[in-house]
Amino acid sequence: MTPAPTIETKRLILRGPKASDFEPIATFYADPERSMGFGGVLPRDQAWRWFASMIGHWHLRGYGFWTITDKAAGTALGICGIWNPEGWPEAELGWIAFPQAEGKGIAFEAATAVRHHAYTVMGFTTMTSNIVPGNARSIALAERLGAVHETTYDNINMGTEHMFRHPAPADLA
């Protein structure tokens, strides 16, 4: 069990990842278009290793990705959280919406809640979202969240990425 706290929004429950969440992650990593923003296609065994590292991230950093679930049905809709593995420039707010959740404001609702939790409970004072060029949906979401393009950098895993800076806690009040 991860040490992830539970976050609730109007429609969602964000909870720590469970073994049953692996299947949608494996499906996500099998899809070239959908997985491009997270390093591209991974074979099932490598997707499992990524999933396990996502859980381990909670234990090593005290934060990580939550599983986004539908409050009414309990269905996994995606992941959203704070990612900062070795080699990252700083903590990043990231998200994945599974196909059934796309276009419904789920990722926006989850990312808003995670950022609020990071700023108000965890003490973060800044946050970025790092997005590969061409990922128009993630860029649009970052901008909807109020993040602005700050720089381009070389991600150790994915090459060139755009770094979007989120508003500071005081700017969201």
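If you read the sequence from its start, that first residue is 1, and numbering goes on from there.
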Q.
Between F164 and I139, is the side-chain contact (heavy atoms from CB on, under 4.5 Å) condition met? List the steps.
A. CA-CA 8 Å; F164 285 79; I139 290 170; 3.8 Å; yes

Q | side-chain contact (heavy atoms from CB on, under 4.5 Å) evaluation trace for F22 with R44 | A | CA-CA 10 Å; F22 172 64; R44 188 174 177 85; 3.5 Å; yes

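I7 and L172 fall within the same hydrophobic cluster, where Ile, Leu, Val, Met, Phe, Trp and Tyr residues are linked whenever their side-chain heavy atoms come under 4.5 Å apart, directly or through other members. F51 and F28 end up in the same hydrophobic cluster when Ile, Leu, Val, Met, Phe, Trp and Tyr side chains are linked at under 4.5 Å. I25 and I82 end up in different hydrophobic clusters when Ile, Leu, Val, Met, Phe, Trp and Tyr side chains are linked at under 4.5 Å. If you chain together hydrophobic residues whose side chains sit under 4.5 Å apart, I96 and M36 fall into the same group. One hydrophobic cluster holds both Y119 and L141 under the rule that ILVMFWY side chains link at heavy-atom gaps under 4.5 Å.
Between the side chain of S129 and the main chain of L93, a donor-acceptor pair closer than 3.5 Å is present. The closest donor-acceptor contact from the side chain of E92 to the backbone of N130 lies under 3.5 Å. Side-chain atoms of H59 never come within 3.5 Å of backbone atoms of R61 as a donor-acceptor pair (strictly under, hydrogens ignored). Without hydrogens or angle criteria, E109 side chain to R11 main chain gives a donor-acceptor distance under 3.5 Å. Between the H117 side chain and the M122 main chain, no donor and acceptor come within less than 3.5 Å of each other. W66 places a side-chain N or O within 3.5 Å of a backbone atom of P5 that can act as its donor or acceptor partner. D21 places a side-chain N or O within 3.5 Å of a backbone atom of K18 that can act as its donor or acceptor partner. For the pair Q100 (side chain) and A76 (backbone), a donor-acceptor distance under 3.5 Å is present. Under the 3.5 Å distance criterion, the side-chain polar atoms of R137 are left unmatched by any main-chain donor or acceptor of E102. At distances below 3.5 Å, at least one donor-acceptor pair connects side-chain atoms of T69 with backbone N or O atoms of I13.
Distance OG1/T67 to CG/L14: 8.5 Å, rounded to 0.5 Å. H162 contributes atom NE2, which lies 8.5 Å from atom CD1 of I131 (distance to the nearest 0.5 angstrom). Between the CZ atom of R165 and the NE2 atom of H149 there is a distance of 11.5 Å, given to the nearest 0.5 Å. Rounded to the nearest 0.5 angstrom, T152 OG1 and E150 CD are separated by 10.5 Å. The distance from atom CD of E161 to atom CG of N135, rounded to the nearest 0.5 Å, is 9.5 Å.
Across G37 and V132, no two heavy atoms sit closer than the pair CA-CG2, 3.8 Å. The shortest non-hydrogen separation linking A47 to A26 is CB-CA, 4.2 Å. The two atoms that bring A97 and A107 nearest to each other are CB-CB, 4.5 Å, heavy atoms only. Nearest approach of I156 to G87, heavy atoms of both residues: CD1-CA, 3.8 Å. The two atoms that bring D31 and V41 nearest to each other are C-CG2, 4.0 Å, heavy atoms only. Annotation for H57 and P85: closest pair NE2-N, 3.8 Å, computed over non-hydrogen atoms.
Each of W58, W50, W95 was evaluated against W83; a single residue qualifies, W50, per the ring pair (Phe, Tyr, Trp, His ring centres under 6.0 Å) test.
By the 6.0 Å contact criterion, NE2 on H116 is open, its count of non-hydrogen atoms from other residues, nucleotides or ligands being 12 or less.
Using a 4.5 Å cut-off on side-chain heavy atoms (C-beta onward), F65 and P17 make no contact. At a threshold of 4.5 Å between non-hydrogen side-chain atoms, the residues W88 and N155 count as touching. Side-chain contact between L77 and K104 is absent, with no heavy-atom pair separated by less than 4.5 Å. Between Y63 and N84 the shortest side-chain heavy-atom distance falls below 4.5 Å.
Between K71 and E8, at least one side-chain N (NZ, or NE/NH1/NH2) sits under 4.0 Å from a carboxylate O, which counts as a salt bridge.
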